[in-house]
Amino acid sequence: MFIEQMIAGVPSSSIEAMVIPFERIVILTGAGLSAESGLSTFRDKDGIWSKVRLEDVATPEAFARNPEKVLDFYNTRRNNAGDVKPNAAHVALSRLEADYPGSVLTVTQNVDPLHEQAGTKNLIHLHGEIQKVLCNHCGHRIPRGGDLSVDLVCDRCGNSGGMRPDVVWFGEMPYHMEKIHAALTQCDLFLSIGTSGNVYPAAGFVAEAGAAGAHTVELNLEPSAGISSFDEAIHGKATEVVPAYVDRLLKSG
C-alpha cells in the first residue's frame, strides 16, 4: 500500500503522534470515494467524460435538444447505482458521524445513495440524487425507481416530457449552497475525500474553510489540482486511508 503523508512544517514521522480535537468537521466527498464500490469516476483518463461528451448528456441544453439520449445515459447510471454497495470508506465516515463527540457534516458531490446506505444521516447532496426525479415544468422532485422516459407524467402538474434525473447539470446552481457556506465558515476541520479539485464551487471549499481558520486535509488516491491549498494530505486507496484517518480522529476525540 502506498500512502503519502504531508503536514506543513511537521515531519511525517510525527503525524501519527498528533492529537488534535475538533468541534465541527465538514467532509467533502467526490467520485473517488465511490470508485472502489464499482462506480466510474468522471475526470480520470478512463472516466465517464473520456467516453462521452458532457455537453451531450449533462447540460440543460442537451436535455432540450435530445432528451432521449440524456435519459438513456442517466438510466444506465441509475441502474448501476442500484447494483453497488458502500465500501469501507463510506462505512468509516458513517462511524465518524455516529461516534465522534463533535458535529460532523458530510457534503457529497456524488449523486449515488452509498452514504445513506452506509448510515450517514447529516448529509447534503450538493449535486442532487440520481434515484430521484425532477420535473422541469413545476420543480416537483420525488424518489422514483425504474427507467425514465419522455412519456413520464409528473404527478403534480400532469405534464409529460419534463421528468429528468434530479442531478445538477453543468450550468446549473448546486443545491444547498447557503447552508454549505455557513458550515464552512464555522468548521475547524475540513476533509476533502476522493475529489479531483477541478469542479467549482466544491473546489473552492478548501480555501473558504482555510480562510475561516479550519485545519484542511486531503484524502485522495493522488494529489488533486488543489493540493497546495491543504495543510495536510494523505494519499492512497480510499478504503485504506479513510478508515485509518477516522480511527485517528476517534482516538483524539
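This structure is a prediction, so every number in the text was calculated from the model and none was measured.
- Residues A35 and T41 approach most closely at CB-CG2, 3.9 Å, considering heavy atoms.
- Of the possible donor and acceptor atoms, one in the side chain of D231 sits under 3.5 Å from a partner among the backbone N and O of T216.
- A salt bridge is absent between E36 and K85; no separation between the charged side-chain nitrogens and carboxylate oxygens falls under 4.0 Å.
- Listed by chain and number, the hydrophobic cluster partners of Y175 are L134, V168, where partners are ILVMFWY side chains within reach of under 4.5 Å, directly or through others.
- By the side chain to side chain contact (heavy atoms under 4.5 Å, CB included) test, N198 is found to be paired with R43, S196, A225, residues two or more places apart in sequence or in another chain being considered.
- Partners of R77 under the salt bridge (Lys or Arg N to Asp or Glu O under 4.0 Å) rule, at least two apart in sequence or in another chain, do not exist in this structure.
- Two residues are said to be in side-chain contact when any heavy atoms from C-beta on lie closer than 4.5 Å; I27 and L96 meet this criterion.
- In this structure a side-chain-to-backbone donor-acceptor pair under 3.5 Å is missing from N75 to D147.
- Nearest heavy-atom pair across T185 and A212 is O-CB, 3.5 Å.
- With sequence neighbours left out, D166 forms a salt bridge (Lys or Arg N to Asp or Glu O under 4.0 Å) with R141.
- Residue pairs meeting the salt bridge (Lys or Arg N to Asp or Glu O under 4.0 Å) criterion with at least one member in residues 109-133, sequence neighbours excluded: E129-K132.
- By the 6.0 Å contact criterion, CD on E23 is open, its count of non-hydrogen atoms from other residues, nucleotides or ligands being 12 or less.
- The 12-atom threshold is exceeded at CD of E68, counting heavy atoms of other residues, nucleotides or ligands nearer than 6.0 Å.
- Linking ILVMFWY residues whenever their side-chain heavy atoms come closer than 4.5 Å, directly or via other members, places V70 and L54 in the same cluster.
- Side chain of Y100 to backbone of V246: no donor-acceptor contact under 3.5 angstrom is found.
- Clustering ILVMFWY residues whenever any of their side-chain heavy atoms sit less than 4.5 angstrom apart, transitively, puts L249 in the very cluster that holds V241.
- Counting heavy atoms from C-beta outward, F190 and R24 have side chains that stay 4.5 Å or more apart.
- At least one side-chain heavy atom of L93 sits under 4.5 Å from a side-chain heavy atom of V242.
- Applying the side chain to side chain donor-acceptor pair (under 3.5 Å) rule to Y74 yields the partners W169; only residues at least two apart in sequence or on another chain are considered.
- In the hydrophobic clustering of ILVMFWY residues, with side-chain heavy atoms under 4.5 Å counting as a link, V199 and L33 come out apart.
- Screening residues 105-157 for ring pair (Phe, Tyr, Trp, His ring centres under 6.0 Å), with sequence neighbours left out, gives H90-H115.
- When every heavy atom of F63 is checked against every heavy atom of M163, the shortest pair comes out as CZ-O, 4.1 Å.
- Side-chain atoms of N87 never come within 3.5 Å of backbone atoms of T239 as a donor-acceptor pair (strictly under, hydrogens ignored).
- Between the side chain of R78 and the main chain of G146, a donor-acceptor pair closer than 3.5 Å is present.
- At distances below 3.5 Å, at least one donor-acceptor pair connects side-chain atoms of N66 with backbone N or O atoms of K69.
- Looking only at side-chain heavy atoms (C-beta outward), R156 and I142 stay at 4.5 Å or farther from each other.
- With I124 as the partner, the side-chain contact (heavy atoms from CB on, under 4.5 Å) test is satisfied by one option alone out of L28, L105, T108: L105.
- No more than 12 heavy atoms of other residues, nucleotides or ligands shown are found within 6.0 angstrom of CZ on R144.
- N122 meets the side chain to side chain donor-acceptor pair (under 3.5 Å) test with no other residue; sequence neighbours excluded.
- The closest donor-acceptor contact from the side chain of T120 to the backbone of L123 lies at 3.5 Å or more, if one exists at all.
- Under a 3.5 Å cut-off, the side chain of N220 and the backbone N or O of H235 do not form any donor-acceptor pair.
- Remark: the backbone N or O of A31 is not paired with any side-chain donor or acceptor of S34 at under 3.5 angstrom.
- In summary, the side chains of S224 and E218 do present a donor paired with an acceptor at a separation below 3.5 Å, with no hydrogens or angles considered.
- Connectivity analysis of hydrophobic side chains (ILVMFWY, heavy atoms under 4.5 Å, direct or indirect) links L114 to L39, V84.
- By the side chain to side chain donor-acceptor pair (under 3.5 Å) test, E172 pairs with R164, sequence neighbours left out.
- Applying the side chain to side chain contact (heavy atoms under 4.5 Å, CB included) criterion to P243, with sequence neighbours excluded, gives A88, A92.
- Every residue meeting the side chain to side chain donor-acceptor pair (under 3.5 Å) condition with S192, not counting sequence neighbours, appears here in chain and number order: T195.
- Summarising the geometry of G197 relative to A203, their closest heavy-atom pair is O-CB, 3.5 Å, with the distance given to 0.1 Å.
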